[in-house]
Amino acid sequence: MPAPPTAAQIRQVNVSYHDAAAEEYDGKWGIDFGPTGQGQVLGKLRKALGWGGLPVFDRGLEIGAGTGYFTLNLMLAGVLREAVCTDISPGMLAALAANADELGLEVDTLAGDAERLAIPDESFDLVCGHAVLHHLPDLERAFAEFHRVLRPGGTLVFAGEPSRYGDRLAMLPKRAGLLAAPAWRRLVGAAVRPVPEAEQSDGHSLEGEVDVHAFAPADLRRLLRDAGFEQRRVGGEELLANAWGWGLRTVESSAEPESVPFRWRRFAFSSYIALQKVDTNLLEPRLPAELFYNLLVSGRKAG
């Protein structure tokens, strides 16, 4: 489905969808706050920055923080000391606060628009985000805000942004998953998931409308340049893992979650992690960023 035609509608669709999705979001996307999750986030940060070692950031701002996947894992890993997490969805911020409390972490949350940050100039050493830029209607204004709130010498990092080519590639495993779902349910003994009438009419039905952009690497380099960032980098990650992951999510979404056997979940997760390692060690160093599903972006504010 096409994105709504106005910026205000795009923002409202994102609020409605993400509020509705917040309660089940971590389970749906396999979000982890243990060693695996920390390893994933640190790996994305290293690849985005092109650094082997990582500094410790004193104060960070996450844009579109969702349930806390990026920031909470950075804090648990000791790479980020203090954080403010923003999101346009109050429901997501409530889930993030609950996750932080359970993990024994203190974070500040701020509901609002990434293009109009209610934050003073030069407040953060790190501005970051994961899978958020493609939801924002006015990227030029958003990047100007990211630059404004960074301290001189501060670092910008975004990961998990869909590439144009990778977005097209993802349609293939999704279609394959839809075709394979009935046979998969019979094989693993899972029950078919009816779509409740309430879910058809509430924010869940808006999933196809919240993605506004898919990027070419040149688009992201231009945004970095025009906002005034130096040391600009754009890379790609996840080809095999993402194709496999979309197929897995598609078949699993056709079943009642409680009926999916644990042995299948364990296999799905471990196979996805194994393919991530193949991508990281074999494909990402050799193939152009355009071929991968996800793009990583980084830059530095002068000073």
Side-chain angles (χ1 to χ4, degrees), residues 1 4 9-34 36-38 40-41 62-76 83-114 129-132 134-136 159-160 162 174 177 181 185 190-212 245-246 248-262 264-266 268-269 272:
M1 295 176 64
Q9 287 174 307
I10 292 169
R11 295 184 188 100
Q12 186 53 54
V13 164
N14 271 283
V15 172
S16 298
Y17 167 71
H18 288 99
D19 278 352
E23 187 175 348
E24 300 174 357
Y25 196 81
D26 287 355
K28 176 180 178 179
W29 296 102
I31 288 176
D32 179 77
F33 295 107
T36 297
Q38 292 168 46
Q40 288 175 332
V41 169
E62 183 172 4
I63 307 295
T67 62
Y69 168 66
F70 219 72
T71 286
L72 299 184
N73 274 310
L74 288 178
M75 294 180 77
L76 288 167
V84 176
C85 293
T86 70
D87 202 289
I88 201 169
S89 162
M92 284 289 182
L93 290 179
L96 186 155
N99 284 338
D101 186 62
E102 185 174 336
L103 295 166
L105 298 173
E106 291 187 13
V107 297
D108 294 325
T109 59
L110 178 65
D113 185 350
H130 185 266
V132 60
H134 62 285
H135 296 313
L136 305 181
K174 290 177 185 178
R185 290 193 301 270
V192 65
R193 176 180 180 266
V195 180
E197 184 176 342
E199 187 168 310
Q200 296 176 19
S201 60
D202 69 9
H204 286 279
S205 64
L206 300 172
E207 184 169 7
E209 299 184 34
V210 297
D211 296 342
V212 184
W246 276 118
L248 293 175
R249 293 185 194 104
T250 302
V251 296
E252 289 173 358
S253 68
S254 73
E256 287 282 7
E258 296 79 9
S259 71
V260 178
F262 175 74
W264 166 264
R265 294 190 182 278
R266 184 171 56 187
F269 184 73
Y272 176 78

Notebook entry, point to check: Which heavy-atom pair separates L72 from L96 by the least distance, and what is that distance?
Noted result: CD1-O, 4.2 Å
Check: How far apart are the C-alpha atoms of I88 and H18, what are their side-chain angles, what is the distance that settles it, and do they pass the side-chain contact (heavy atoms from CB on, under 4.5 Å) test?
Finding: CA-CA 9 Å; I88 201 169; H18 288 99; 5.6 Å; no
Checklist line | Criterion side-chain contact (heavy atoms from CB on, under 4.5 Å) on N73 and Q40, from CA distance to verdict | finding: CA-CA 9 Å; N73 274 310; Q40 288 175 332; over 6 Å; no
Next item on the list: Working to the nearest 0.5 Å, report the span between CD of E62 and OH of Y69.
Entry: 10.5 Å
Checklist line | Considering all heavy atoms, the nearest F33-L76 contact | finding: O-CD1, 3.4 Å
Item checked: Minimum heavy-atom distance between S254 and A181, given as atom pair plus value -> OG-CB, 3.5 Å
Next item on the list: Of all the heavy-atom pairs spanning V260 and W264, show the shortest one and how long it is.
Entry: CG1-CD1, 3.5 Å
Checklist line | Taking every non-hydrogen atom, the tightest pair across T71 and A83 | finding: CG2-CB, 3.4 Å
Check: Can you check whether R266 reaches P261 side chain to side chain, under 4.5 Å on heavy atoms?
Finding: no
Margin query: Looking at every non-hydrogen atom in both residues, tell me the closest pair between L93 and C85 and how far apart they are.
Written below: CD2-O, 3.8 Å
Next item on the list: Spell out, as yes or no, whether a donor-acceptor pair under 3.5 Å connects the side chain of S259 to the backbone of A191.
Entry: yes
Checklist line | CA sep, side-chain torsions, deciding dist, call: T67, W29, side-chain contact (heavy atoms from CB on, under 4.5 Å) | finding: CA-CA 11 Å; T67 62; W29 296 102; over 6 Å; no
Margin query: For G66, is there any backbone N or O sitting under 3.5 Å from a side-chain donor or acceptor partner on D87?
Written below: yes
Notebook entry, point to check: Any idea how F70 and H130 line up, ring-wise: parallel (<30°), tilted (30 to 60°), or perpendicular (>60°)?
Noted result: parallel
Check: If you round to the nearest 0.5 Å, how far is NE2 of H135 from CD1 of I10?
Finding: 11.5 Å
Next item on the list: Mark yes when over 12 heavy atoms from residues, nucleotides or ligands other than E23 sit less than 6.0 Å from its CD; otherwise mark no.
Entry: no
Check: Would you find a donor on one side and an acceptor on the other, under 3.5 Å apart, between the side chain of D108 and the backbone of V84?
Finding: no
Next item on the list: Evaluate the side-chain contact (heavy atoms from CB on, under 4.5 Å) criterion for residues V107 and M75: first the C-alpha distance (whole Å), next the side-chain angles of each, then the deciding distance (0.1 Å), finally the verdict.
Entry: CA-CA 10 Å; V107 297; M75 294 180 77; 3.5 Å; yes
Notebook entry, point to check: Does the side chain of S89 come within less than 4.5 Å of N14's, by heavy atoms?
Noted result: no
Note to self: Pairing donors with acceptors under 3.5 angstrom, does anything connect the side chains of Q12 and S16?
What the structure shows: yes
